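Worksheet: one structure, shown below.
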Amino acid sequence: MTTTDPSRADLSERSIRTIRNALLEWYDRNRRDLPWRKRDDAYGIWLSEIMLQQTRVETVIPYYERFLAAYPTIEGLAAADLDDVLARWSGLGYYRRARALHETARIVVREHGGRFPRDPQEVLALPGVGRYTAGAISSIAHGIPEPIVDGNVIRILARWLRLGADTKPARYWDLAARLVPDDRPGDFNQAMMELGATVCTPRSPSCETCPVRGDCAAAAAGDPEAYPVVAKRGENVAETSTLVVVRRNGRLLLTRSQARPLMKDLWEFPTCPSEGNRSDEASRLVRKGYGRRFEPRTALPEIRHSIMNRRILLRPVLGVIDRGPITPADPAEETRWILPSRLEDYPTGGIAKKVVRALARL
DNA sequence: CAGGCGTGGGC
DNA sequence: TGCCCAAGCCT
């Protein structure tokens with residue numbers, strides 16, 4: 001039995017061997033049945049890793065299934081329009097990933113003959129693929145003993161060794177590189193993440209069921225939740241916007257602008273800062289922004305949305321407008337009339353999805 | 001390189 | 001409710 005010194009700050013060779021064995025054995029018995037674990041091809045693994053960046057497993061699963069149904073091969077993805085790819089990504093967030101995904105598919109077809117590269121350095125060079133994702137693809141799809149460091153690995157290592165806030169990424173990468181075995185590197189890396197996701201959780205970790213509890217200094221000291229030390233986040237900012245749902249002939253007015261700094265490929269409902277009467281603000285927005293007269297009809301229930309540390313309260317107004325062309329004051333802005341039932345074919349952000357849900361409840 | 005980037009869920 | 005995220009990447 002290993003005795004743990006709470007002040008220990010490194011992994012011995014013996015610890016590494018016992019950890020590898022215990023973790024792999026535990027993983028074989030406890031691994032969740034996830035869609036990407038049915039696959040061993042680089043395309044399927046790569047797609048899952050891009051989607052899983054900063055995104056929960058339960059959220060990713062339906063998107064992953066739909067994506068693979070639409071694009072069974074990387075050639076199909078490469079041949080698709082970016083708008084279709086973005087539409088299938090709508091609601092998943094971090095839309096830069098979708099653009100990188102599409103671009104990578106085209107690079108693989110154009111520069112690698114449709115075969116996903118096997119060299120970890122070439123994988124790392126692909127857009128949207130950083131050190132973590134390259135390591136995950138190389139180990140899981142290609143069986144190459146490349147380390148990974150993600151939030152789970154950091155948390156586990158920080159607890160095992162009671163690493164403080166001053167621990168630099170290089171230290172985690174060095175530890176991960178020493179841990180990953182030549183045999184079953186992909187399963188080992190997934191076992192680390194699985195342990196972090198289901199046992200060694202940020203709060204209320206299940207130390208009593210942990211297969212590597214004997215090697216954990218934080219468990220021995222009784223303070224696992226104190227690790228890792230996380231930096232404080234910035235203050236939240238609250239804002240209120242009026243959102244205009246303009247209806248004409250059963251269609252809704254959507255807009256997008258290449259001049260927008262953010263989400264410029266996505267279609268959204270027109271919005272403006274809200275300070276007073278939302279019907280008046282909606283009318284002013286439509287008149288000044290699109291040169292038409294707006295008739296407010298219904299104030300829809302308020303929608304709360306949060307983007308990073310911005311908490312947005314949206315006050316939607318449903319109304320109609322007079323006949324005639326829409327002429328955006330902003331030359332970089334496009335507008336389009338879209339049937340609510342077809343909105344899912346368009347790339348939209350999360351706010352538009354919530355508006356559509358609110359309309360469906362009317 | 002610190003900070004920006006989306007979202008839905010857990011507590 | 002308000003806060004903290006969750007299999008990071010890019011500039």
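Letters A, B, ... are given to chains in the order of the sequence lines, protein chains preceding strands, and every chain is numbered from 1. Values below: every heavy atom of this structure, side chains too, minus hydrogens, waters and symmetry copies. This structure is a prediction, so every number in the text was calculated from the model and none was measured.
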Given C/dC9, C/dA6, B/dG6, the nucleotide with the shortest approach to the side chain of A/Y95: B/dG6
Inspect the contact between A/R293 and A/D322 and indicate whether a charged nitrogen and a carboxylate oxygen are less than 4.0 angstrom apart.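 Salt bridge between A/D322 and A/R293, a charged N being under 4.0 Å from a carboxylate O: no.
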Any salt bridge between A/K38 and A/D33, counting N to O under 4.0 Å? yes
Tell me whether the OP1 or OP2 atom of [N] has a side-chain N or O from [X] closer than 4.0 Å.
| X | N | result |
| --- | --- | --- |
| A/N236 | C/dC3 | yes |
| A/Q54 | C/dG8 | yes |
| A/Y94 | C/dC10 | no |

Looking at residues 348-362 of chain A, who's got a heavy atom less than 4.0 Å off DNA chain B?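 Close to the strand are A/G349, A/G350, A/K354, A/R357.
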Under 4.0 Å, counting only non-hydrogen atoms across every strand here, what does [X] touch: a base, just sugar-phosphate, or nothing?
| X | result |
| --- | --- |
| A/L34 | base |
| A/M51 | nothing |
| A/T59 | nothing |
| A/W36 | base |
| A/L92 | base |
| A/S48 | nothing |

Rounding to a whole Å, what distance do you find between A/I148:CD1 and C/dA6:P?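 Going from A/I148 (CD1) to C/dA6 (P), I get 15 Å.
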Parallel, tilted or perpendicular: which describes the rings of A/W46 and A/F116, with under 30° parallel and over 60° perpendicular?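 If you compare the ring of A/W46 with that of A/F116, the planes turn out tilted.
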Sub-4.0 Å heavy-atom contacts from residues 116-132 of chain A onto DNA chain C, ordered by number: A/P127, A/G128, A/V129, A/G130, A/R131, A/Y132
Which residues, if any, of residues 178-203 of chain A bring a heavy atom under 4.0 Å of DNA chain C?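 Residues of residues 178-203 of chain A that come under 4.0 Å of DNA chain C are, in numerical order, A/M193, A/P202.
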Against the six-membered ring of A/Y290, is A/R292 placed for a cation-pi contact (under 6.0 Å from the centre, within 45° of the normal)?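 Because its charged atom misses either the 6.0 Å distance or the 45° angle limit, A/R292 does not stack over A/Y290.
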Residue that, paired with A/M51, satisfies side-chain contact (heavy atoms from CB on, under 4.5 Å) out of A/W89, A/Y94, A/W36: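 It is A/W89, the one option of A/W89, A/Y94, A/W36 that forms the side-chain contact (heavy atoms from CB on, under 4.5 Å) with A/M51.
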